[in-house]
Chemist: 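Before anything else, here's the structure in question.
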Amino acid sequence: MFTGIVEELGRVAGLEEARLTVGCEVAVLDSPVGASVAVNGVCLTVVEQADDWLAFDVTEETFQRTTLGDLRPGDPVNLERPVSLTARMGGHMVQGHVDGVGAVARVEEQEGGATVWITLPQELGRYVVEKGSITVDGVSLTVTDARDDGFGVALIPHTLAATTLGTVRAGDRVNLEVDVLAKYVERLLGMAKDQGPGA
């Protein structure tokens, strides 16, 4: 489980076949082989590590359902280690299970930040609401505007500087994870409806 609060920007050191290697300083701490780390919002398992890098095996399924296959050596990536029981919950409940890939429609630069508009797969639209939570490339954000074809998020200077969202441009693909609580509510309401009154 993660919070969507990025701990550091790592750098892709290599992506050969199914092995992703990321240079990092913070995420490598307390991340032995077998540990989970969110890379651009994708929960991956550490398979090798050194003092300043972590390596992960990535399945074809993950490449197909996320943007990890788009990465090239030198690209920055958002990194977060799992939340501990004693940590503050600064963002929201994030699983690291990408629900779909969206695309940046436009970036509106504003004094003191920016608003980013993102399109999303049609089937995810019902989970996105104004003032609700969403994860974009592993970053916990609040939806400022929800529309049929996408949504907007307001980014403060810290988020622009501390995550990959500070360099996104129109057309860039991003990993999306909707609020898992919304999916549970939908499932429970559907089950109650199927069972009928008095169930």
Side-chain angles (χ1 to χ4, degrees), residues 1-9 36-43 65-68 76-194:
M1 186 68 67
F2 305 92
T3 67
I5 304 299
V6 172
E7 294 185 284
E8 75 170 314
L9 277 174
S36 296
V37 175
V39 180
N40 277 0
V42 183
C43 180
R65 292 180 175 268
T66 73
T67 65
L68 294 187
V77 288
N78 298 319
L79 299 176
E80 182 190 357
R81 294 168 296 176
V83 66
S84 69
L85 293 177
T86 59
R88 292 184 176 90
M89 191 72 172
H92 71 282
M93 289 173 49
V94 176
Q95 295 181 299
H97 302 162
V98 172
D99 292 305
V101 173
V104 175
R106 65 185 186 277
V107 178
E108 299 174 356
E109 296 184 4
Q110 301 157 345
E111 185 176 351
T115 296
V116 178
W117 293 91
I118 299 171
T119 62
L120 77 167
Q122 185 176 6
E123 65 272 16
L124 297 182
R126 64 182 181 271
Y127 303 116
V128 180
V129 297
E130 187 174 333
K131 305 306 180 190
S133 296
I134 193 162
T135 308
V136 179
D137 272 353
V139 183
S140 173
L141 298 169
T142 300
V143 176
T144 58
D145 195 346
R147 301 180 181 180
D148 291 340
D149 59 346
F151 62 94
V153 288
L155 306 181
I156 61 173
H158 173 77
T159 303
L160 294 172
T163 75
T164 58
L165 298 182
T167 59
V168 295
R169 297 293 177 263
D172 287 352
R173 300 190 332 135
V174 290
N175 295 317
L176 301 176
E177 181 182 334
V178 297
D179 190 347
V180 67
L181 295 179
K183 293 190 290 184
Y184 280 129
V185 168
E186 179 185 60
R187 174 76 170 160
L188 290 170
L189 290 175
M191 291 173 63
K193 181 179 179 182
D194 291 342

Chemist: So how far is it from E177 CD to L124 CG, rounded to the nearest 0.5 Å?
Modeler: 10.5 Å
Chemist: Would you mind listing every side chain to side chain donor-acceptor pair (under 3.5 Å) that reaches into residues 106-116, with sequence neighbours excluded?
Modeler: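 Matches after skipping sequence neighbours: R106-E108, E108-W117, Q110-T115.
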Chemist: Which heavy-atom pair separates G112 from P157 by the least distance, and what is that distance?
Modeler: O-CD, 2.8 Å
Chemist: If you take all heavy atoms of V143 and V129, which pair is closest and at what distance?
Modeler: CB-O, 3.3 Å
Chemist: Suppose we screen for side chain to side chain donor-acceptor pair (under 3.5 Å). Which residues come up paired with S140, at least two apart in sequence or across chains?
Modeler: H92
Chemist: Please list all pairs meeting side chain to side chain donor-acceptor pair (under 3.5 Å) that have one or both residues in residues 143-160, counting only residues at least two apart or in different chains.
Modeler: D145-R147
Chemist: Can you name the closest pair of heavy atoms from V94 and T3 and give their distance?
Modeler: CG2-C, 3.8 Å
Chemist: So among V77, V174, V136, which one has a side-chain contact (heavy atoms from CB on, under 4.5 Å) with N40?
Modeler: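 That would be V77.
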Chemist: What pairs with V6 under side-chain contact (heavy atoms from CB on, under 4.5 Å), at least two apart in sequence or on another chain?
Modeler: N78, V139, T163
Chemist: Working to the nearest 0.5 angstrom, can you tell me the gap between Q95 CD and C43 SG?
Modeler: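 Taking CD in Q95 and SG in C43, the distance rounds to 9.5 Å.
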Chemist: What closest approach, in Å, do V168 and V107 show between heavy atoms, and which atom pair accounts for it?
Modeler: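 Reported closest heavy-atom pair: O-CG2, 3.7 Å.
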Chemist: Are the side chain of T119 and the backbone N or O of A103 linked by a donor-acceptor pair below 3.5 Å?
Modeler: yes
Chemist: Show your reasoning for whether side-chain contact (heavy atoms from CB on, under 4.5 Å) applies to L141 and F151.
Modeler: CA-CA 11 Å; L141 298 169; F151 62 94; over 6 Å; no
Chemist: Any non-hydrogen side-chain atom of V39 less than 4.5 Å from a side-chain atom of L79?
Modeler: yes
Chemist: Taking all atoms of both residues into account, what is the closest heavy-atom pair of E130 and A146, and its distance?
Modeler: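 It is N-CB, 3.9 Å.
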Chemist: So, taking the atom named OG1 in T167 and the one named CG in D172, what distance separates them when rounded to the nearest 0.5 Å?
Modeler: 7.5 Å
Chemist: Please list, chain by chain and in numerical order, all residues satisfying side-chain contact (heavy atoms from CB on, under 4.5 Å) with V101, sequence neighbours excluded.
Modeler: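 Checked V101 against side-chain contact (heavy atoms from CB on, under 4.5 Å); matches are T67, R173, N175.
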Chemist: Measuring from atom CD1 of I118 to atom CG of L176, what distance do you get when rounded to the nearest 0.5 angstrom?
Modeler: 6.5 Å
Chemist: Report the residues that fulfil side-chain contact (heavy atoms from CB on, under 4.5 Å) with E7, sequence neighbours left out, ordered by chain and then residue number.
Modeler: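 side-chain contact (heavy atoms from CB on, under 4.5 Å) check on E7 returns V26, E80, R81.
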Chemist: Of all the heavy-atom pairs spanning A105 and A170, show the shortest one and how long it is.
Modeler: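 Looks like O-CB, 3.5 Å.
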